[in-house]
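Notes to accompany the following structure.
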Amino acid sequence: MAIGTVVAGAAPVWVADRIRGQVHQGIVLHAGSDAIYFTSHDDVIGIVSSQATPIPCTISTRLATLDGEFSASGLPQPGDLVTIGAGFVTIADIQVRVARLSDYRMPKFAPNSIAITNARLRTVAGESLQSTELPAELINDFRVEPAESVHLLLGRGSGLTPFGDDVTCGMLATLLATGDACAMALRERVLDLAPDRTTSLSATLLRRAAEGDVLPVFADAVSSLAQEDENASERIQRLLSIGHTSGAGMLLGFSIALDHITLRSCS
């Protein structure tokens, strides 16, 4: 495509609002053929191809690859400036706008479905709910007292979204969706700690989880379990394939949350 092309994509409401708002600058953090991530105030926003997994901070395009858009100058490099606002994201001579809104909300749960969903999860996921990245004692502490122990998880693990953060996202979004009594205390603790404990991208996703937003593939897996969908196993496997350990971390957080709710109801 010619230089100066405007690319349209789908994004969550908060990203659309940010892009339509006051003009400001960010910097590129990562650029590849399927994803470009950049800062916007304290958050990270991404532009992704159709091959990438949408997450609650990305503008999802229908482009098979992003390389072609920057054929003249090449993909942007970390540290390059990005202009955000007045309806566009501008990187080099490419402008990206939000043409459609995407729903990233975590599905709600009826209290009487928790036990059945938990049992189905263990049957379908099996050994996938076990992890060597977090000590069993820490997982148990998080299960019993999430707000009091979350500081031990945040930033723990490798990658742009450390494993402990992925577990926390799954746990927090689930507790909020079920209206658990511990949800707001965990939410406040995560929002307070995340900016200084983890990567900027992961902190953004934790803030989105605090608003009830999750990866669509996570929401699909959760819904299939709650609705006793015969495709639950397939959707769980798709979730587990996300990232190096991101999908597994979110699923573990979901499992811990269900255990937590069950423990509270029995105490």
Side-chain angles (χ1 to χ4, degrees), residues 1 5-16 18-19 26-40 43-71 73-80 82 84 88-92 94-106 157-163 165-166 169-170 173 198-209 211 213-222 234-251:
M1 290 186 176
T5 296
V6 176
V7 176
V13 172
W14 81 271
V15 170
R18 181 71 57 85
I19 292 171
I27 60 170
V28 173
L29 298 177
H30 164 84
S33 59
D34 288 321
I36 297 172
Y37 286 101
F38 54 89
T39 61
S40 170
D43 294 305
V44 172
I45 295 174
I47 300 167
V48 298
S49 75
S50 61
Q51 307 303 310
T53 300
I55 62 177
C57 64
T58 56
I59 306 168
S60 300
T61 74
R62 293 174 176 169
L63 299 170
T65 177
L66 302 180
D67 295 274
E69 304 307 309
F70 298 90
S71 57
S73 57
L75 284 170
Q77 297 298 307
D80 286 358
V82 180
I84 307 111
F88 297 96
V89 173
T90 304
I91 306 177
I94 303 300
Q95 289 189 312
V96 181
R97 68 182 180 89
V98 176
R100 306 177 307 281
L101 296 178
S102 302
D103 186 1
Y104 287 86
R105 288 173 297 180
M106 175 80 169
S158 60
L160 290 174
T161 59
F163 185 78
D165 297 358
D166 296 322
C169 280
T198 190
T199 67
S200 53
L201 174 58
S202 198
T204 298
L205 294 177
L206 285 162
R207 282 192 285 272
R208 299 325 307 165
E211 297 299 324
D213 290 345
V214 296
L215 275 64
V217 66
F218 178 69
D220 287 345
V222 166
E234 177 183 338
R235 294 186 178 185
I236 291 292
Q237 291 306 312
R238 184 182 172 208
L239 172 61
L240 292 172
S241 72
I242 300 301
H244 179 57
T245 57
S246 291
M250 286 181 279
L251 188 65

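The residues of the chain are indexed from 1 along the displayed sequence.
- The shortest distance between side-chain heavy atoms of Phe38 and Ile47 falls below 4.5 Å.
- Side-chain atoms of Ile94 and Pro76, non-hydrogen and from C-beta on, never get closer than 4.5 Å to each other.
- Taking all atoms of both residues into account, the shortest heavy-atom contact from Ile59 to Arg97 is CG2-O, 4.4 Å.
- Rounding to the nearest 0.5 Å places OG of Ser49 at 5.5 Å from CG of Leu66.
- Cys169 approaches Leu206 most closely through the heavy-atom pair SG-CD2, 3.6 Å.
- Of the possible polar contacts, none joining the Ser102 side chain to the Pro12 backbone as a donor-acceptor pair under 3.5 Å is found.
- Inter-residue side-chain proximity for Asp220 and Arg238 is flagged as met; some heavy-atom pair is nearer than 4.5 Å.
- In this structure, the side chain of Thr204 engages the main chain of Val44 through a donor-acceptor pair within 3.5 Å.
- Atom CD1 of Ile19 and atom CD of Gln95 lie 11.5 Å apart (nearest 0.5 Å).
- Phe218 is not listed as a side-chain neighbour of Ile242, based on a closest heavy-atom distance of 4.5 Å or more.
- Of all heavy-atom pairs between Ala219 and Arg105, the closest is CB-O, 4.3 Å.
- To the nearest 0.5 Å, the span separating CD1 on Ile55 from CD1 on Ile45 amounts to 11.0 Å.
- With hydrogens and angles disregarded, a donor-acceptor distance shorter than 3.5 Å links the side chain of Ser50 to the backbone of Leu63.
- With hydrogens and angles ignored, the 3.5 Å screen pairs no side-chain donor or acceptor of Thr58 with any backbone N or O of Gly46.
- Thr199 places a side-chain N or O within 3.5 Å of a backbone atom of Ser202 that can act as its donor or acceptor partner.
- For the side-chain contact (heavy atoms from CB on, under 4.5 Å) with Ile91, the lone residue among Val82, Leu75, Val96 that qualifies is Val82.
- Between atom CD of residue Glu69 and atom CD1 of residue Ile36 there is a gap of 9.0 Å, rounded to the nearest 0.5 Å.
- Summarising the geometry of Leu201 relative to Cys57, their closest heavy-atom pair is CD1-SG, 3.8 Å, with the distance given to 0.1 Å.
- Trp14 contributes no side-chain N or O that, together with a main-chain N or O of Arg208, makes up a donor-acceptor pair within less than 3.5 Å.
- Note: Leu205 CG to Asp213 CG = 10.0 Å, rounded to the nearest 0.5 Å.
- Here Ser200 contributes atom OG and Leu160 contributes atom CG; the two are 8.0 Å apart, rounded to the nearest 0.5 Å.
- Residues Arg18 and Ile84 approach most closely at O-CG2, 4.2 Å, considering heavy atoms.
- Between Ser60 and Tyr104, the closest heavy-atom pair is OG-OH, 4.1 Å.
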